[in-house]
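Notes follow the structure.
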Protein chains: 2
Amino acid sequence: MTQRATYQSVAAHIQDRIEAGELTIGRRLPSERQLCEQLQVSRANARDALHHLENRGLIYRLNRIGWYVSPPVFIYDPTRTHSILHEARQHQRSLETELISATRETVSVAITRTLGLSSQTPVYKVIRRRSIDGRWALLESCYYREDAFEGLLEQELGGSLTDLVSRHYGYRQRSLNIGISSTCLNDQQALCLQIREGSPALRLERAVSVDGQCLIVEMEHWLHDAVEMRVKGESQE
Amino acid sequence: MTQRATYQSVAAHIQDRIEAGELTIGRRLPSERQLCEQLQVSRANARDALHHLENRGLIYRLNRIGWYVSPPVFIYDPTRTHSILHEARQHQRSLETELISATRETVSVAITRTLGLSSQTPVYKVIRRRSIDGRWALLESCYYREDAFEGLLEQELGGSLTDLVSRHYGYRQRSLNIGISSTCLNDQQALCLQIREGSPALRLERAVSVDGQCLIVEMEHWLHDAVEMRVKGESQE
DNA sequence: CAGTGGTCTAGACCACTAC
DNA sequence: TAGTGGTCTAGACCACTGC
């Protein structure tokens, strides 16, 4: 506290350079070895500093490629009725979506049970990744009851699934059960987002019900520094 | 991926011991040096493994004291109308509250503005920490408009503030604006919770309004592995 | 291929806690 | 005072990326 550790000085130095505009958003930082030399510290020390800045959301890394200055958080209402694309447009952020897989298969008991199905019943599973301002920021896994979404796999799955569900399938009045927690990414998830296994993430699970029956489970894994969730509520005691 | 790193083996080993029940919830792990010797790895390596398990929420550390097995997450609805004490009782978790400070002072512009006040107007500020099953898990900073909570500092501030607001001050119908994001703790916050500066946390900001006027801003910092937020929603397209 | 981050070793001293 | 985690050094080799 009173005495500042070396790695904290290093972190402060890098932070200063970011805030001074010398390193701008999306720019790559000098390599770890360059930082060591510039600041005359050991590499472990430099890495400690980088990890701290990463935790604080100022920088992020692409696995085995380098360190970059983080863009501002994306503001996002998980109870929203419209597509996330609206939110992106509203905040003038570029959002791109890439379909990774769309299959019919049996999935974990937890999800199957949430969907009100017996354990071996197959469901539609759609996996996509999304980038914000050019950075892969979000991995999305959606699970659909087969009986409620006939022909889903033949639909266009690269756009707004929210719109598809409401326009094509006609499910408009929905109730949601949302869970938000901190987690970290496993091998596959990390690979999809080009980051290191074990990176911290914000997990959003959304169970969508129509007439009391859960039809969709959506699972989102956001890079921890990429998002802020905003929710409005009413309460009466 | 194909080849497992040493630190991953170490992490897996510790995880096995936890899952086997050899290390139970709240128990302290062997010291880092003991782990090094037991598993024949360097200390940096052992620490890497511990950090990974910490990220994944399996273990946590008390600053300069040791590593411990994490309790399960606390489930919590930030839009709830009742006190969090209800939730604790419901899930049979012990929750304790300690008042750290209660003052009248000028605070950050961001909060003052949210409260609809001009920048130098003092507000009531109440800081508390809360433990779950004996572990400090949550730091709470609440800001109240002075004109709406006369005599607040003379009230009993160690119990449910939700109840105080609704019973004593009569604010029952409220609307909420909630923000949830990932963050990490600064020196002071970390000190209060006995953990290391920079530890990852879940930040919950709640602006409470009555008749369109914001009267309270509540800021909660939860240890990242201590909580899962659950929200219900309705949506109509 | 050169350069990056990822993993790893074998030490060292310091600040702090618990006793 | 003994033991803990926190910080730090000066190396090393590996896996992978981008050219």
Side-chain angles (χ1 to χ4, degrees), chain A residues 1-14 27-55 59-69 136 184-187 190-200, chain B residues 1-14 27-55 59-69 136 184-187 190-200:
Chain A
M1 214 79 40
T2 54
Q3 192 67 19
R4 190 187 237 179
T6 306
Y7 78 87
Q8 289 175 320
S9 304
V10 174
H13 173 86
I14 298 172
R27 261 285 293 282
R28 181 154 165 201
L29 270 63
S31 78
E32 295 179 357
R33 285 169 181 86
Q34 281 172 32
L35 286 171
C36 295
E37 196 167 337
Q38 284 172 22
L39 305 174
Q40 290 295 304
V41 294
S42 69
R43 198 169 148 223
N45 212 337
R47 279 175 67 82
D48 260 11
L50 292 168
H51 288 137
H52 261 65
L53 292 172
E54 182 188 33
N55 276 341
I59 63 176
Y60 68 97
R61 51 177 154 171
L62 295 184
N63 200 19
R64 290 182 196 279
I65 296 179
W67 295 88
Y68 297 81
V69 180
W136 294 119
C184 67
L185 301 183
N186 64 29
D187 304 1
L191 205 56
C192 287
L193 299 181
Q194 277 190 280
I195 57 179
R196 188 171 160 245
E197 179 266 322
S199 298
Chain B
M1 214 81 40
T2 53
Q3 193 65 19
R4 191 187 237 176
T6 307
Y7 79 87
Q8 289 174 320
S9 303
V10 173
H13 172 87
I14 298 172
R27 262 284 293 281
R28 180 151 166 206
L29 269 62
S31 78
E32 295 180 358
R33 285 167 180 88
Q34 281 171 30
L35 286 171
C36 296
E37 196 169 337
Q38 285 172 21
L39 305 174
Q40 290 295 303
V41 294
S42 71
R43 196 167 149 225
N45 211 337
R47 279 176 66 82
D48 260 11
L50 292 167
H51 288 135
H52 261 66
L53 292 171
E54 182 187 35
N55 276 341
I59 62 176
Y60 68 95
R61 51 179 155 170
L62 295 184
N63 201 19
R64 289 181 198 280
I65 297 178
W67 296 87
Y68 296 81
V69 180
W136 293 119
C184 67
L185 301 182
N186 64 29
D187 305 1
L191 205 57
C192 288
L193 298 181
Q194 277 191 280
I195 58 180
R196 190 174 159 242
E197 179 264 323
S199 298

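Residue numbers start from 1 in every chain, and the chains themselves are labelled A, B, ... in the order their sequence lines are given, proteins ahead of strands.
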Check your understanding: What's the closest nucleotide to the A/Arg64 side chain, out of D/dC8, D/dG6, D/dA15?
Key -> D/dA15
Revision key, fill the gap. Quick note, B/Ala5 side chain, CB onward, closest among C/dT4, C/dC8, C/dG6 is C/dC8
Check your understanding: C/dT4 P sits how many Å from A/Arg47 CZ, rounded?
Key -> 13 Å
Practice item. Measure the distance from CG on B/Leu39 to C1' on C/dT9 and round it to the nearest whole Å. Key: 16 Å
Check your understanding: When all nucleic acid strands are considered with a 4.0 Å heavy-atom cut-off, which category describes A/Asn63: base, sugar-phosphate, or nothing?
Key -> sugar-phosphate
Check your understanding: With a 4.0 Å cut-off on heavy atoms, is A/Gln34 in touch with a base, just the backbone sugar-phosphate, or nothing at all?
Key -> sugar-phosphate
Review point. What is the distance from CD of A/Glu37 to P of D/dA10, rounded to the nearest Å?
Key: 13 Å
Practice item. Nearest whole angstrom, please: distance from the P of C/dG11 to the CD of B/Glu32. Key: 17 Å
Check your understanding: Roughly how far apart are A/Ile65 CD1 and A/Ile195 CD1, rounded to 0.5 Å?
Key -> 12.0 Å
Check your understanding: When only distance counts, do a donor and an acceptor, one from the side chain of A/Arg33 and one from the base of C/dG5, lie under 3.5 Å apart?
Key -> yes
Check your understanding: Hey, does A/Glu197 have a side-chain heavy atom less than 4.5 Å from the side chain of B/Gln8?
Key -> yes
Exercise for review: With the side chain counted from C-beta on, respond yes when A/Ile14 and A/Leu50 share a heavy-atom pair under 4.5 Å apart, and no when they do not.
Suggested key: yes
Check your understanding: How long is the line joining NE2 of A/His51 and C1' of D/dT7, in whole Å?
Key -> 15 Å
Check your understanding: Would you say A/Asn45 reaches D/dT7's phosphate, i.e. side-chain N/O to OP1/OP2 under 4.0 Å?
Key -> no
Review point. Which one, D/dG6, C/dG6, D/dT9, comes nearest to the side chain of A/Val41?
Key: D/dT9
Review point. Can you check the B/Ile195 CD1 to D/dT4 P distance for me, whole Å?
Key: 22 Å
**Study point:** N/O donor-acceptor pair, side chain A/Arg43 with base C/dG6, under 3.5 angstrom
**Key:** yes
Review point. Quick check: are there more than 12 heavy atoms from other residues, nucleotides or ligands sitting under 6.0 Å from CD of A/Glu37?
Key: no
Point to revise | Residue closer to the 5' end of DNA chain D, A/Asp48 versus A/Gln194 (nearest nucleotide) | key: A/Asp48
Review point. Among C/dG6, C/dC8, D/dG6, which is the nearest nucleotide to the side chain of B/Ser42?
Key: C/dC8
Point to revise | Phosphate OP1/OP2 of D/dG6 contacted by B/Arg61 side-chain N/O (<4.0 Å) | key: yes
Check your understanding: Looking across every strand, which nucleic acid part, if any, lies under 4.0 Å from A/Arg196 by heavy atom: base, sugar-phosphate, or nothing?
Key -> sugar-phosphate
Practice item. Measure the acute angle between the ring planes of B/Tyr60 and B/Tyr68, then classify it against the limits of 30° and 60° as parallel, tilted or perpendicular. Key: parallel
**Study point:** Distance in Å, A/Leu185 CG paired with B/Asn55 CG, rounded so as to fall on 0.5 Å steps
**Key:** 10.5 Å
Exercise for review: Report yes if a side-chain nitrogen or oxygen of A/Thr6 is closer than 4.0 Å to either non-bridging phosphate oxygen (OP1 or OP2) of D/dT7; otherwise report no.
Suggested key: no
Point to revise | Rounded distance in Å - OH (B/Tyr60) to P (D/dG5) | key: 14 Å
Practice item. Find which nucleotide of DNA chain D each of A/Ile65 and B/Ala44 is nearest to by heavy atoms, and output the residue with the more 5' nucleotide. Key: B/Ala44
Review point. Roughly, in whole Å, what's the span from OH in B/Tyr7 to P in D/dC13?
Key: 21 Å
